[in-house]
Structures are given as structure tokens and as C-alpha cells.
Asks: 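Below is one structure. I have some questions about it.
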Amino acid sequence: MLHKSLCRRLIVLLGLLVWVSTLTAGLREKTESLIYDHYGDSVSVLFKKIPIPKEIKSTAEKNAQLRFMRDQIYIWEISRNEEMIGLAYLDNVKGKSQPITYAVFFDSQGMVEGSHIIKYREPIGGEVSNQYWLNQFFGKSWESDYKIGSDIDGISGATISVNAVTRGIHRSTYIVEYLLIQKNE
Amino acid sequence: MAIAQDEFFQPGSTIGGYGELHWNKASNADGESIKNTMDFHRFIIYYGYNWTEKWTFKSEVELEHNFVADGEGELELEQAFVNYHTEKFGLQAGVILPSVGLINEYHEPPLFVSVERPEYNKYVIPTTWFGNGFAVYGSMSGLNWRVALMEDMEGEGIGAGIRSGRGKGYKTTAYDWVKNISLNYTGIAGLRIGGSYTMNNAPIDNNPDSTVSFGLAEVNLRYDANNIYAVLEYGDISYKNNPYDYTSSGGYYLDMGYKVAGLAGLDGKLMPWLRISDYNRGTTDGTVNPDKHYSIKRFGLTYWPISNVAFKFDYGTHKTESAKDKKTLINVGVGYNF
């Protein structure tokens, strides 16, 4: 009797969790919601899908020790009162077997102000989505060190995801630095 | 212009794996050598295939002790399941692992410090515990839950623990199902804290009318940050109809280490650590069988040149309460995962 009533309660709980999980937003909507949370509701954003600049692509890949999975990335130019105050960058890296989609928010000098996992597609290693881990990238730029274990803490049981996201964020700093220089010229 | 959910996804396969070589030496209370062996204990190939962003297949095939013939060594299909995964919820069906303790699901050698897995993870939690079944899981704000329903254990194998009751997916029964419920929290930097409960009325010789019942309750904690490493696992198994009349068994282990940064001239991490452990494989109404009550003290040194490779050394004693069986053990090993 006790068993049956416990099972019934569990089924109701699981049904509720499935229903909640269907309410997730798309990648762009989720990223833009985080952009407004971070930079403030008063900013204007300009979304662009751009080819990876070939002038910086191989340098970024070599220094971050990670190849791009695709030829294009997503960028949002963030402005307030017609002055650009930052860039948001969306890309993906390969985890154990699935892509991990991540966003990095930069200030106008190419320094990381925030980072988020927009979509994680694996049943294990999802701890890289935790904000306490992602906050370690605050203040980093293309000139920073990204060594796991000394500059960036590892996460036990999420080694592959930690390596992938760390390299992905490192790689993004080169692209953003290049785009900011182009913009200012 | 929207970004399609599956724009980053490409169908394809993934290969991974892990393995570990051990050199085990042991001597008895008189200092006489009772063991001096080398063993490539585990060699595992992971293979996965992604059909879509949500639907995937994952598997692990394991060769134990480097060789299979005449009852020596083991070849096991340790995992093989279809996985449906969304960001907050997922399903698995096939050969799966119950979520019990820290090591059953996360058993790659660089993730634990000793050469051999802690004895707790053999005689209290019988890792690697796998079998046919289904699981539902999910996570929200660092809180992760999972419910698994799996094949029955084999009642005739349960006695001084449940290790020999594992069916390993070989023609097992599904009269009562192993029910495994787990919860853990990973929302604080470096900390994982969790627990699980697993129960089954395990048929004896496939007879559902004659069973050994058990309930395994365990809690676990792991902290690995700021160069501090601490692991604590505690588990208790209660029995009904245990063939040896045991009413419970269980115990704990505690690992404490400190990662020494910047080993002279070498990259990576070096960590001296200590383990204390106490467990019993049989207690009857509160009275522990002294021959089945073990205490362990161990010191070790683990070096990770990179996070995927670990060189390990450990030294310690292993004795029973009855003092009939005291051993000194020295282990050296190397493990990897990719």
C-alpha cells in the first residue's frame, strides 16, 4: 500500500518536471534575455551572424588549442546612447559527444564581464553551467592565462566539459579583440 | 533571424575510454609476502552515437584483467542505453548504472586517488553496479535527481554484502525491480553532496516467492577546490531473510588530501592524502561479526601531470577486528581517461 501511494506521488512529480522542462526558450531568446539582464534594459542590441574572420581564426585556434566547429559565430553589439559598451559572443564547443553552446559578454575593451552556458546537451558534466564556475572568467582577455588547475578550477567528473568550455572562452577573446580593433579603426 | 535549436548539432559518433594498470604487493602480519602481482585491471572503450540533439546512444565495453578464458578475466557490456536528453529532464533505457555513491557512475581512474577503488566501493557499494533497466533524471539550480528501475538482484548471491547479487544484465529477472532514487547538489564551488536509497526483494534462484530483501541507504560528500580534497561516503544496508542471518552491513571511508601546487619543474598536480575507513560485511541485530569487520588506514601520493592521467602510490594496513587477518599493502598504478 505504502509502495503504491509513493509510486503515484513520484509519477505526479515527474509529470510536473517534464511539463516545466518544455517551457524553455530558444537559443537567441535565452541569450538576449541574459544580455538585457547583464547590460541593463536600456541598451540597444544589434544581432549579427558573421563568418569567423580569417585574419584571426588560426591564431585563436592555435592559442586556445581548439578548432572551430563551424564557420560562423553570432555577435551582438551592445550600445547605450549610441556608444558601444560591449560585445556578446555566442558559439559552441564539442563536449564529450555533443556541442555545448555558450555565450561570453565582453566590455568595450575586450575583457570578459560574464559567461553563460546557453545549452548543455549531455546527461553528465553539466556542472560547467553553474555560475560559480563560470564567474572565474571575469576580467580575462586574450592576454590572460587559462590553465586548468591553476588559473581555472577543474570540476571532478566534468573534465571534458571543463576543458572544452575553457578553451572555447579563451578562443572567443581573440575574435572579440579583433572585432573591437576593426570597429575602432 | 532566429538561431535554430539544432543548428550546432551534427549527427555522428564519439569514442572515449579509460584504463588502469596496477602493481599490488601485500604482506601478512609476519611480514611474509602474500601478493606481488601486476594487473591491467580495467580497459574500457566508450562508444556513443548522436542521432539528434536529444536522442543519443551511449555504451561502455569493459575488459577486466587483460584476458578472458577458462573463468579468468571478464568481458562486460557495462553500459549500453538509448538516452533522451533535454536541458532539465532525461530518460535512459538499456544497460544502465544505478546512482549510488560517488564512484559507481564516475569511475574513471583519475577521479579517485587510490590505486584500487576504495574497499567501501566494493563491499558496501558494489561498483561497478550495472544492469538492464530504465532511468529518469533531471536537474534544476544545481539540484540533480534520478530515479532508476532495474533488473532484480540475485537473492542467492546476497550474504556478506550485495556484491555477489549483481546480475550484470545476464538473463536477469524483473519480478520486483531494483528501485534506486538519488539526489545530489552541486551548486556550491567544488562541493558535491548527495545521497541515495536503493531497495529490492531479490528472488533466490529466480523464484519470486523466495526472496532476500535489502535497502541500501548512503550519503556522500566531495569537496575539491582551493587545493583541498576531501571525500566522505557512508552507507548502510539492511536485510530481511539474509541467508547468513545478517540484519545489516555497511561503513564509511574518509579521504583527505592537499594539492601541492607547482611541483618543482613539473606541470600538473601532486597530492599527498590519507584515508581512514571502517566497514563491516555482516552485523546481526547490532552485533558485528569480528571476522567481517575491517579497518583501514592508508597513505598515498597521487600525481596528475594533466587532468586525464594519474600516477598513484599508496601504502597502508587492512585488518579485521578479530585480528586474524592483518595485511600491509603497497600499490602502484597509472590510470587514464579520454
Side-chain angles (χ1 to χ4, degrees), chain A residues 3 6-7 10 13-14 17-24 26-31 47-49 69-70 72 74 90-101 117-124 126-127 129-133 135-136 147-150 153-160 162-163, chain B residues 1-5 7-10 12-14 16 46 48-50 53-54 56 58 83 85-90 92 102 105-106 108 110-111 136-140 142 144-147 179 181 186-190 192 222 224-226 229 259 261-262 267-269 304 306-308 337-338:
Chain A
H3 258 147
L6 188 69
C7 282
L10 271 174
L13 178 70
L14 293 180
L17 285 163
V18 174
W19 177 74
V20 168
S21 72
T22 58
L23 301 176
T24 51
L27 300 179
R28 181 174 174 182
E29 292 75 11
K30 188 171 174 185
T31 310
F47 174 64
K48 292 177 179 175
K49 182 176 182 177
M69 288 175 75
R70 302 166 69 250
Q72 291 173 314
Y74 300 93
L90 181 81
D91 195 7
N92 63 112
V93 286
K94 190 165 186 272
K96 185 162 182 175
S97 62
Q98 292 268 29
I100 303 168
T101 305
I117 302 300
I118 302 299
K119 189 159 197 190
Y120 192 83
R121 299 167 175 85
E122 292 279 354
I124 61 169
E127 289 82 7
S129 305
N130 288 342
Q131 216 50 49
Y132 69 73
W133 185 77
N135 287 346
Q136 297 178 95
K147 201 166 169 188
I148 293 158
S150 47
D153 286 338
I155 301 173
S156 182
T159 315
I160 292 168
V162 163
N163 279 323
Chain B
M1 180 168 50
I3 306 168
Q5 286 285 351
E7 192 168 327
F8 295 148
F9 171 80
Q10 289 179 325
S13 56
T14 306
Y46 167 92
Y49 190 82
N50 306 322
E53 197 176 75
K54 290 178 178 159
T56 61
K58 300 179 199 306
N83 198 165
H85 181 82
T86 67
E87 279 181 286
K88 292 196 162 49
F89 155 83
Q92 296 170 338
L102 292 170
E105 290 175 286
Y106 298 91
E108 290 83 352
L111 298 180
V136 189
Y137 63 87
S139 64
M140 210 172 277
N144 312 297
W145 58 271
R146 186 169 184 261
V147 178
K179 293 164 271 292
I181 298 168
T186 52
I188 297 170
R192 179 199 145 110
R222 178 186 185 111
D224 188 1
N226 302 314
Y229 177 91
K259 290 184 179 166
D267 281 340
K269 289 276 182 186
W304 294 268
I306 56 174
S307 55
N308 303 92
N337 75 299
F338 61 92

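Scope of the values below: all heavy atoms of this structure, side chains included, with no hydrogens, waters or symmetry mates. In what follows, every chain begins at residue 1, and chains take the letters A, B, ... in the order their sequences are listed.
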Asks: Answer with side chain, backbone, both or neither: which region of A:E122 has an atom nearer than 4.5 Å to a non-hydrogen atom of chain B?
Replies: both
Asks: Between B:T56 and chain A, which part of the residue has a heavy atom less than 4.5 Å away: side chain, backbone, both or neither?
Replies: side chain
Asks: Just by distance, do the side chain of A:Q98 and the backbone of B:E53 share a donor-acceptor pair under 3.5 Å?
Replies: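 Confirmed, A:Q98 side chain pairs with B:E53 backbone.
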Asks: Measuring heavy-atom distances to chain A, does B:K58 have an atom under 4.5 Å in its side chain, in its backbone, in both, or in neither?
Replies: side chain
Asks: Can a salt bridge be assigned to the pair B:R192 and A:E127 using a cut-off of 4.0 Å between side-chain N and carboxylate O?
Replies: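 The answer is no: the pair does not qualify as a salt bridge.
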Asks: Where on B:Y49 is there a heavy atom nearer than 4.5 Å to chain A: the side chain, the backbone, both, or neither?
Replies: neither
Asks: Checking B:I188 against chain A: side chain, backbone, both or neither under 4.5 Å from a heavy atom?
Replies: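 Interface part for B:I188: backbone (N, CA, C, O).
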Asks: Non-hydrogen atoms of chain B under 4.5 Å away: do they reach the side chain of A:T159, the backbone, both or neither?
Replies: side chain
Asks: Judged by atom type as modelled, is there a donor-acceptor pair below 3.5 Å linking the side chain of A:N130 to the main-chain atoms of B:T186?
Replies: yes
Asks: So for B:E105, is it side chain, backbone, both, or neither that comes closer than 4.5 Å to the heavy atoms of chain A?
Replies: neither
Asks: Could you check which of A:G157, A:S156, A:P123 has the highest count of heavy-atom pairs closer than 4.5 Å to chain B?
Replies: A:P123
Asks: With only heavy atoms counted, which part of A:N135 is less than 4.5 Å from chain B, the side chain, the backbone, both or neither?
Replies: neither
